[in-house]
Protein chains: 2
Amino acid sequence: MTGADANAKPLKAEARRAALRKLLIAAAERRISEDGLGALRARDLAADAGCALGAIYGAFPDLDALILEVNLRTLALFEAALGPDGGGFDVTNAADELVRLGQAYLAFAQSHGKRWRALFQHQFADGRRPPDGYVAEQARLFRRIEAPLQALRPDLSAQERVLLARSLFSATHGIVMLGLDARLMALPPAVVGPQLDLLIRAMATGLASRA
Amino acid sequence: MTGADANAKPLKAEARRAALRKLLIAAAERRISEDGLGALRARDLAADAGCALGAIYGAFPDLDALILEVNLRTLALFEAALGPDGGGFDVTNAADELVRLGQAYLAFAQSHGKRWRALFQHQFADGRRPPDGYVAEQARLFRRIEAPLQALRPDLSAQERVLLARSLFSATHGIVMLGLDARLMALPPAVVGPQLDLLIRAMATGLASRA
DNA sequence: CACGATCATGAACAGCGTTCAAGTGCGTTT
DNA sequence: AAACGCACTTGAACGCTGTTCATGATCGTG
């Protein structure tokens with residue numbers, strides 16, 4: 001290295017790696033969206049991005065990291081689909097907001113089926129922790145649920161509210177997931193929305209009654 | 001073939017295949033229970049069962065069929081864990097029964113973690129339909145939910161009750177699944193039970209109030 | 001212009017589920 | 001009882017996977 005700056009050396013190289021990363025992410029997004037996570041092949045990605053097979057491993061440590069990047073973008077896409085955080089709920093519209101969030105989740109899962117499924121189909125190897133962005137994105141989404149919850153149940157502590165928000169999401173997620181998955185269950189697609197509405201409203205009613 | 005019975009020929013052969021099937025199922029059950037579905041290898045199974053690698057494909061069409069057999073036994077194991085169908089619920093104990101079923105589901109998932117996860121981790125290839133036993137077992141389990149539901153909401157039609165039972169199961173499943181899965185969420189294990197209790201009771205209350 | 005570190009390349013590797021030519025053993029027939 | 005023929009068992013081989021690494025091209029630098 002010539003200059004005093006240790007980072008000066010791989011300037012162009014890093015720029016090209018970043019460009020390749022974008023190409024690979026775009027290719028992986030397309031493959032996952034069209035054919036599902038299970039159909040993702042390293043050789044296809046290399047062909048799509050116009051790079052050598054081994055070049056993938058110069059841009060990402062492994063395919064898992066690439067998938068993680070796609071999943072992170074999927075989460076961001078969903079947050080964008082939720083629109084800006086309205087805030088300010090009271091006991092009269094809290095249940096409606098919970099229903100709205102649930103229906104938005106269902107709509108996103110339906111319109112981005114393969115991509116949304118990849119979020120949960122993908123397993124972290126061993127005990128690998130999810131990256132920071134993942135956890136941060138989750139927290140932002142859960143806060144969307146906590147807001148109307150606070151209006152519905154002002155008596156709950158912050159910690160209780162956090163836990164309940166996660167549980168509410170889990171219940172919603174279960175209905176959406178098994179509703180769209182033909183493996184077990186097979187709820188007719190047309191009834192998933194009404195059922196989700198019914199159960200979220202029931203939970204809101206039951207929670208509000210201090211059961 | 002000598003006799004008039006066309007089935008007389010492969011009698012001993014079929015018996016040995018059946019014996020090998022049992023050995024392979026037992027081996028697969030152990031591997032899945034201990035190391036998870038993802039660690040299941042055809043070569044390990046052959047070694048465990050003391051047979052050749054190719055012999056597996058004389059007993060099962062492919063590994064998927066073997067996994068399906070293990071999953072079917074897991075479902076039966078869960079049904080046995082539920083105990084005999086009590087029947088006869090009224091509006092006073094219907095919610096309690098729903099909670100009991102949910103907690104039993106959670107307990108089973110917790111004590112048979114890897115095996116239970118295999119139920120949902122396993123994907124049917126292409127558009128392969130689940131075998132008859134699968135669907136029948138599902139129906140039996142869902143009827144366990146429909147019974148207290150009928151007590152809770154006698155006004156619902158049979159079809160509405162069927163759909164609602166599946167939705168209730170889905171919601172419960174979501175809480176259990178994401179509660180035990182460190183991927184997304186990460187609810188502390190100790191709070192999953194109380195949260196499940198809380199939400200099932202809320203749903204029962206909300207449903208009973210004809211919301 | 002020439003040198004040297006650095007990076008891209010794709011053939012090679014390890015491991016997977018599955019298959020199949022070849023050998024073995026069992027049931028049947030004489 | 002003996003020998004034949006066919007079905008079954010066998011494990012090496014196939015095709016495919018993600019990942020690696022010697023080799024050759026490339027680019028920045030003295």
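Labels below follow one simple rule: chain letters A, B, ... track the order of the sequence lines, proteins then strands, and each chain is numbered from 1.
- Side chain of B/Leu53, nearest nucleotide from D/dG18, D/dT10, C/dT18: C/dT18.
- Of the residues near DNA chain C, B/Arg43 and A/Ala52, the one whose nearest nucleotide (by heavy atom distance) lies more toward the 5' end is A/Ala52.
- Between the P atom of C/dT18 and the CD1 atom of B/Ile67 lies a distance of 9 Å, rounded to the nearest Å.
- Between the side chain of A/Arg201 and the backbone N or O of A/Ala95, no donor-acceptor pair lies under 3.5 Å.
- Between the CG atom of A/Asp35 and the P atom of D/dT17 there is a distance of 13 Å, rounded to whole Å.
- For B/Arg17 and C/dC26, the CZ to P distance is 17 Å, given to the nearest whole Å.
- Between B/Glu34 and B/Lys114 there is no salt bridge, since no side-chain nitrogen of the basic residue lies less than 4.0 Å from a carboxylate oxygen of the acidic one.
- Within 3.5 Å, no donor on the side chain of A/Arg41 pairs with an acceptor on the base of D/dG18, nor the reverse.
- The pair A/Glu137-A/Arg140 meets the salt-bridge criterion, since a charged nitrogen lies less than 4.0 angstrom from a carboxylate oxygen.
- Counting heavy-atom neighbours within 6.0 Å of A/Gln150 CD, excluding the residue itself, gives a total of 12 or less.
- Of the candidates C/dT18, D/dT9, D/dT19, the closest approach to any side-chain atom of A/Ala42 belongs to D/dT19.
- Note: CD1 (B/Ile56) to P (D/dC8) measures 18 Å, nearest angstrom.
- With rounding to whole Å, B/Phe60 atom CZ is found 13 Å from C/dT18 atom P.
- Atom CG of A/Leu20 is separated from atom P of C/dT6 by 20 Å (rounded to the nearest Å).
- To the nearest angstrom, C1' of C/dC16 lies 14 Å from CG of B/Leu37.
- If you check every strand for non-hydrogen atoms under 4.0 Å, A/Leu40 touches sugar and phosphate atoms only.
- Residue A/Arg16 has its side chain nearest to D/dC27 when only C/dT18, D/dG18, D/dC27 are considered.
- Counting only distance, with no hydrogens or angles, the side chain of A/Arg115 and the backbone of A/Ser33 share no donor-acceptor pair below 3.5 Å.
- The environment of CZ in A/Arg100 is crowded: more than 12 heavy-atom neighbours from other residues, nucleotides or ligands sit within 6.0 Å.
- Position along DNA chain D of the nearest nucleotide to A/Pro61 versus A/Asp44 favours A/Asp44 as the more 5'-ward residue.
- Between the B/Glu79 side chain and the B/Leu141 main chain, no donor and acceptor come within less than 3.5 Å of each other.
- The nucleotide whose nearest atom lies closest to any side-chain atom of B/Cys51 is, among D/dT10, C/dA12, D/dG11, D/dT10.
- Between the P atom of D/dG11 and the OH atom of B/Tyr57 lies a distance of 15 Å, rounded to the nearest Å.
- Axis deviation across the helix from C/dC1-D/dG30 to C/dT30-D/dA1 amounts to 20°, comparing end segments of five pairs, rounded to 10 degrees.
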